[in-house]
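The structure appears right after this line, and notes come after that.
Per chain, numbering begins at 1; letters A, B, ... match sequence-line order.
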Amino acid sequence: MSKTEEGATPAPKSNFIHQEIEKDLKEGKNGGAVLTRFPPEPNGYLHIGHAKSICLNFGLAEKYNGGCNLRFDDTNPTKEEVEYVESIKQDVRWLGFEWEGQEKYASDYFDQLFEWAVKLIKNGKAYVDDQSAEAIAAQKGTPTEPGVESKYRNRSVEENLDLFMRMKNGEFKEGERVLRARIDMASPNMHMRDPIMYRIIHKSHHRTGDKWCIYPMYDFTHGQSDFIEGITHSICTLEFEVHRPLYNWFLDQILEGEPEPERRPRQIEFARLNLNYTVMSKRRLLELVQKGIVNGWDDPRMPTISGLRRRGYTPASIRMFAERVGVARRDNIIDVALLEHCIREDLNKRAPRVNAVIDPVKLVLTNYPEDKVEWMEAVNNPEDESQGTRKIPFTRELYIERNDFMENPPKKFFRLGPGREVRLKNGYIIKCEDYKKSENGEVEEIYCTYDPETRSGNDTSGKKVKGTLHWVSASHSLPAEVRLYDRLFMDEDPAGHKDKDFKEFLNPDSLNILNNCRVEPSLKDVKALDFFQFQRLGYFCVDPDSTPEHLVFNRTVPLRDTWAKLAKK
RNA sequence: UGUCCCGUGGUGUAAUGGUAGCACAGGAGAUUUUGGUUCUCUCGGUCUGGGUUCGAAUCCUAGCGGGACAACCA
């Protein structure tokens with residue numbers, strides 16, 4: 001496997017799964033092999049929680065010199081599957097991981113699974129039940145009361161075999177019969193109360209077409225698929241913990257009478273990722289998309305991998321995040337500030353600095369010649385000398401950020417105000433002499449003088465100023481649209497309120513579109529997902545909607561802003 | 001009123017019988033032609049009660065708190 005993109009490499013951090021694997025290795029299990037798998041069901045888009053699992057599984061493979069399979073858990077053709085396969089593959093690759101060989105499908109193993117089902121029937125460990133779903137559910141009992149046995153539980157092997165074949169041959173309608181494991185209806189673990197192994201679904205499958213009309217359930221599929229592939233460590237989330245005895249039971253049954261295999265997969269559970277100020281369940285994410293609350297699965301406010309990508313998150317930042325959140329078994333809610341820290345850390349080192357003014361106000365240098373253009377040298381990235389320098393045009397008329405000027409600034413405000421001096425980065429020190437307001441009281445133009453002795457790079461004035469502003473040339477800058485994103489929800493745990501719908505906590509200001517922005521001319525030929533630091537503002541990336549005629553940038557995350565914190569006080 | 005899992009600073013996560021550490025967040029300062037970055041300092045924690053031990057975050061036990069489990073979903 002390989003990291004397909006440069007960027008920060010997370011520092012390795014130990015967790016309990018490493019310890020379990022090392023214990024197995026020491027005991028010589030699985031012939032010393034480590035093979036993991038990432039097993040998505042192709043019924044939706046991947047989100048940041050999946051990214052944690054991907055990084056964990058592929059990371060384990062890398063650490064122990066093993067491999068990681070990508071396997072689609074496609075045992076339920078009623079749930080629309082083929083359209084999601086490609087997006088999942090793309091997302092895994094984009095995160096920087098390469099799976100072992102071809103991608104796998106649980107449906108590749110349907111023949112083998114069927115044979116094993118027959119084996120269980122022959123050994124008296126499975127039976128066909130003719131009851132309805134409702135009847136079976138009613139007999140299942142509850143977590144505190146045992147279930148009761150089905151009246152079909154003690155059919156003969158011959159009858160079970162015959163019925164199962166007829167199920168396979170399409171002689172029954174959906175719901176008429178199921179194959180169940182014969183375990184223990186009184187087990188304290190509900191999953192051991194004669195779980196369903198196969199159900200009838202008359203629907204064609206995205207890979208097997210109409211070959212089958214019976215499909216295996218998750219529990220009868222997952223462990224055996226792991227076994228077939230030689231998976232050694234089957235890592236999943238905590239809600240599958242109660243399935244583990246069943247996972248092992250099915251493995252015991254298929255191995256019955258067989259020689260000891262070299263590898264036997266072992267299920268290990270960890271706590272899924274939760275992020276504050278968002279929702280993570282597929283159901284709620286789908287609702288946001290279907291109700292048009294967001295603009296699709298890749299809306300930059302979504303915690304989906306495709307949304308984060310469009311927002312400007314890099315694979316390296318997400319890998320870093322996955323490393324920093326750690327892996328444990330206790331429930332957790334990660335502060336989204338950690339995710340933001342990770343993208344800032346990555347982009348600080350890599351993003352070229354450019355000037356963009358997203359809320360422009362005109363500034364005129366009254367003592368600067370009308371037609372003069374000075375091409376000022378600017379460092380592309382002070383954190384990375386190899387990114388070199390570029391020239392930016394300095395002219396008499398400029399745009400600066402509206403909030404960099406105040407008519408009556410407090411002492412702590414280091415920016416522009418009447419009579420105040422600031423430096424224009426990569427330009428000159430200027431002094432505000434006057435300003436003009438429109439009838440509605442809005443500042444329209446600011447008039448300054450510049451000091452020719454203070455040119456950046458060869459300042460001979462010895463002047464010191466507290467503030468440095470970014471700017472663009474009024475005549476040379478390009479118009480652009482900028483989309484400012486904020487958290488989608490105003491509540492830390494929008495789905496965590498019993499009596500309130502999560503949508504009640506939507507942030508009305510989660511998207512703010514600015515149409516009158518100006519960016520420096522070097523941004524003329526940007527491509528989708530190119531990332532930049534708009535100096536003093538934040539990290540931005542080029543939206544796929546962007547064209548050379550109409551530039552569109554997404555704000556990934558603002559820069560840390562200690563002034564904003566101060567101003568709030 | 002069952003079975004299982006989990007309780008370490010605000011949030012995460014280490015320490016696996018021997019000095020409770022790290023990261024993020026918060027606070028203070030230094031540097032800075034980004035109020036960014038960087039650097040320094042700082043705040044703050046083992047759910048509670050018993051027990052075992054020279055010694056317990058760690059082992060045992062009781063309690064408390066949180067979570068999972070009753071789909072022909074995965």
Query raised in the report: Does a donor on one side chain and an acceptor on the other come within less than 3.5 Å for A:D129 and A:Q131?
Result: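 Short answer, yes.
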*Does A:R344 put a side-chain nitrogen or oxygen below 4.0 Å from OP1 or OP2 of B:U37?*
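For B:U37, neither OP1 nor OP2 has a side-chain N or O of A:R344 closer than 4.0 Å.
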For this session: Ignoring backbone atoms, establish whether A:R283 has a side-chain N or O less than 4.0 Å from OP1 or OP2 of B:C73.
Result: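 So the side chain of A:R283 is outside the cut-off, no N or O lying under 4.0 Å from OP1 or OP2 of B:C73.
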(Q) So if I take residues 171-180 of chain A and measure heavy-atom distances to RNA chain B, which residues fall below 4.0 Å? (A)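 Within this stretch, A:G175, A:V178 sit under 4.0 Å of the strand.
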Fill in: Distance (rounded to the nearest 0.5 Å) between A:N276 CG and A:E492 CD
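Answer for the CG-CD pair, A:N276 versus A:E492, is 5.0 Å.
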Is_stacked (A:W563, B:G35) at 5.5 Å, 30 deg
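Per 5.5 Å and 30° rule: yes, stacked.
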ask   = Which of parallel (below 30°), tilted (30 to 60°) and perpendicular (above 60°) describes A:Y215 and A:H205?
value =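 The rings of A:Y215 and A:H205 lie parallel, inter-plane angle below 30°.
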Where does the angle between the aromatic ring planes of A:H243 and A:H191 fall among parallel (under 30°), tilted (30 to 60°) and perpendicular (over 60°)?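 Tilted, since the angle between the ring planes falls between 30° and 60°.
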RNA chain B in dot-bracket form (Watson-Crick or G-U pairs under 3.5 Å, [ ] crossing, | inter-strand) is .((((((..((((....[..)))).(((((.......)))))....(((((..]....))))))))))).....
I'd like to know if [X] reaches the base of [N] with its side chain, counting only an N/O donor and acceptor under 3.5 Å.
{"X": "A:R324", "N": "B:G12", "value": "no"}
{"X": "A:E383", "N": "B:G36", "value": "yes"}
{"X": "A:H191", "N": "B:A70", "value": "no"}

Taking 4.0 angstrom as the limit, do A:D74 and A:K79 come out as a salt bridge?
->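 Result for this pair is no, no salt bridge flagged.
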(message) Is the positively charged end of A:R487 above the ring of A:Y277, judged by distance under 6.0 angstrom from the centroid and angle within 45° of the axis?
(response)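 Geometry flag: set, cation within 6.0 Å and 45°.
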| task | Measure from NZ or CZ of A:K431 to the centre of the six-membered ring of A:Y450, then state whether that distance is under 6.0 Å and the direction lies within 45° of the axis. | result |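 Because its charged atom misses either the 6.0 Å distance or the 45° angle limit, A:K431 does not stack over A:Y450.
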Distance in angstrom units between [X] [atom1] and [N] [atom2], rounded:
{"X": "A:I333", "N": "B:G7", "atom1": "CD1", "atom2": "P", "answer": "16 Å"}
{"X": "A:M197", "N": "B:C73", "atom1": "CE", "atom2": "P", "answer": "15 Å"}
{"X": "A:H222", "N": "B:A74", "atom1": "NE2", "atom2": "P", "answer": "11 Å"}

- Taking the same atom, P, in B:A57 and in B:U48, what whole-Å distance lies between them?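 One P to the other, the span is 11 Å.
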Problem - Donor-acceptor contact present, side-chain A:S234 to main-chain A:Q267, <3.5 Å - result: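 Flag not set: sc A:S234 to bb A:Q267 has no pair under 3.5 Å.
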